[in-house]
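For reference, the structure is listed below as structure tokens.
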2 protein chains.
Amino acid sequence: MIAVSEKNAPSTKNCPHNAAINCASCRLSAICLPLALAQDEIVQLDEIVQRGRPLQKGQHLYREGDTFTSIYAVRSGSVKAYSVSDSGEEQVTGFYLPGEILGMDGIGHNRYASSAVAMEVAAICEIPFANIEDLSGKLPNMQKHFFKLLSQEIVEDQQHITLVSKHTAEERIASLLVSISARNARRNLSPLSFRLPMSRTDIGNFLGLTIETVSRVFSRFAKQGLLEIDKKEVTVLDIDTLKRVASLGH
Amino acid sequence: MIAVSEKNAPSTKNCPHNAAINCASCRLSAICLPLALAQDEIVQLDEIVQRGRPLQKGQHLYREGDTFTSIYAVRSGSVKAYSVSDSGEEQVTGFYLPGEILGMDGIGHNRYASSAVAMEVAAICEIPFANIEDLSGKLPNMQKHFFKLLSQEIVEDQQHITLVSKHTAEERIASLLVSISARNARRNLSPLSFRLPMSRTDIGNFLGLTIETVSRVFSRFAKQGLLEIDKKEVTVLDIDTLKRVASLGH
DNA sequence: TAACGGGTTTGATCTACGTCAACTAGTGAA
DNA sequence: TTCACTAGTTGACGTAGATCAAACCCGTTA
């Protein structure tokens, strides 16, 4: 909500984080919401999308318990979602990169079930959910796409359950690296050389490991020649082995 | 698909598993799909619901990879869903009791992402998804309800991730027991005395534990006077402590 | 220049749970 | 009755990863 309420503020038009004026011309259109829509339908989507000024690192997009109003698409930068359980411990529930949608956990109870915070400067598109519901009633493509999106998130979460409940530390971390690599490839970025936007603490929390274990596994992978890692900068040297480790049962 | 294709076979009309002829008169209507619909809308839902002959224990409702056609509501008995990863190991993804909906993981890619098998004799309602999409386009209540259902499953899966990645064996098992107890209460069954429909193996798999650990924790809970357990028959003696253990951070 | 603080790495030790193995209790077949 | 088979329990022991503890790195501030 914060910092994304104003539409198309003139002063931000030339900022790289605001390059897209509309969905049709957005370079992410092939992987983001427009993906499933026809040309004329994208225009209708475009009318309900609100583009705000970029979030700074550490700024929240929404907080757990806030009244649910909108879902969000990442346009640039990256966002992490996390929830805090009754017992007070934090659980990182996801990392969101450009073209990815977050906030859908709020639909079920009209309150966000998690908080979302920028891990670096990030530009976000806000899409009010009431408008999505309207549009979904009119455009079968839109309805179908949202059913699919939600369902896919269920499947991904279930795969993540398998990952954290049945796989070793090495498999979990290889899996995360392969996932980020593939998501970069989708955006035509290098799948072998990239910067991890999240801290070791976030990685550990997301994967159900301690920060020390994360650090040790990175070191071990480097020693084995699978990758080079300098702080957050990763260069994958042997993606095939990494993929094998990632999908190894044990 | 198997065994649920024929509609209202006359021979099953008097079977207890076929007590409901329609959604409006079904004793689960308050917790199942009709929950969100108006009287006249339930009639429309009713027209697309297919009620089949009961599944026997061990029979599959659908299998991972099958073309997605329908979602299912449990009318009696119980069903477990599980998926098999590339690496071959099984992951139990959920247990479904009367009034609960399964199969929604198939929407995303037009194939079921898991298999569903009856854990005991079970009556199932099949609802073709194409009809749900049609109806959702016409009835905003229906669309809204399905968005909510899907979103709630996301939130539950994320809570399950927290459970298996951050909680001890005792907390996980207490949590499962409290969940089953609450779901029984919703159906006006005793929350303190019930039969677990699933095996120790299934419980362990679902919670990311071995069968031995499950067994030991049950024994420990019994020794501490929290419950009595005889094979699958559970009597909860101290639900408050059990709930405390279930939501304990550590 | 030093002092500070957050994020990260590395080593030493501990522990919850997994693994392996033996045993019990049903259940059903012949 | 015995045999076989499956599900569950219990005990002894091993281990992956947690915990505890130092130290390091690198901006920032004083």
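Within every chain, numbering begins at 1; the chains are lettered A, B, ... in the order of the sequence lines, protein sequences first and strands thereafter.
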(message) Ring centroids only, cut at 6.0 angstrom: are B:H160 and B:F206 within range, meaning strictly under it?
(response) yes

(message) With a 3.5 Å cut-off and heavy atoms only, can you find an N or O donor on one side and an acceptor on the other between the side chain of B:E170 and the base of C:dC17?
(response) no

(message) Need to verify one output field. Residue with the more 5' nearest nucleotide on DNA chain D, A:A169 or A:K231?
(response) A:A169

(message) For A:L177, run the side-chain contact (heavy atoms from CB on, under 4.5 Å) check against A:L227, A:I229, A:V236 and tell me which one passes.
(response) A:L227

(message) Please verify the inter-ring angle class for B:Y82 with B:H60; under 30° counts as parallel, over 60° as perpendicular, anything in between as tilted.
(response) perpendicular

(request) Verify the contact: side-chain N or O of A:T213 to OP1 or OP2 of D:dA18, cut-off strictly under 4.0 Å; return yes or no. (result) yes

(message) With a 4.0 Å cutoff (strictly under), does any side-chain N or O of A:T210 reach OP1 or OP2 of D:dA18?
(response) yes

(request) Kindly say whether, by distance alone, the side chain of B:R216 makes a donor-acceptor pair under 3.5 Å with the base of C:dG18? (result) no

(message) Ring-plane angle category for A:Y62 and A:Y112, please: parallel below 30°, perpendicular beyond 60°, tilted otherwise.
(response) parallel

(message) Does B:E212 contact C:dC17 through a side-chain donor or acceptor facing the base, at a distance under 3.5 Å?
(response) no

(request) Could you check how far CZ of A:F221 sits from P of C:dT9, rounded to whole Å? (result) 14 Å

(request) Can you check whether any acceptor in the base of C:dG6 is under 3.5 Å from a donor in the side chain of A:R200, or vice versa? (result) no

(request) Return no unless some side-chain N or O of A:S219 is found under 4.0 Å from OP1 or OP2 of C:dT10. (result) yes

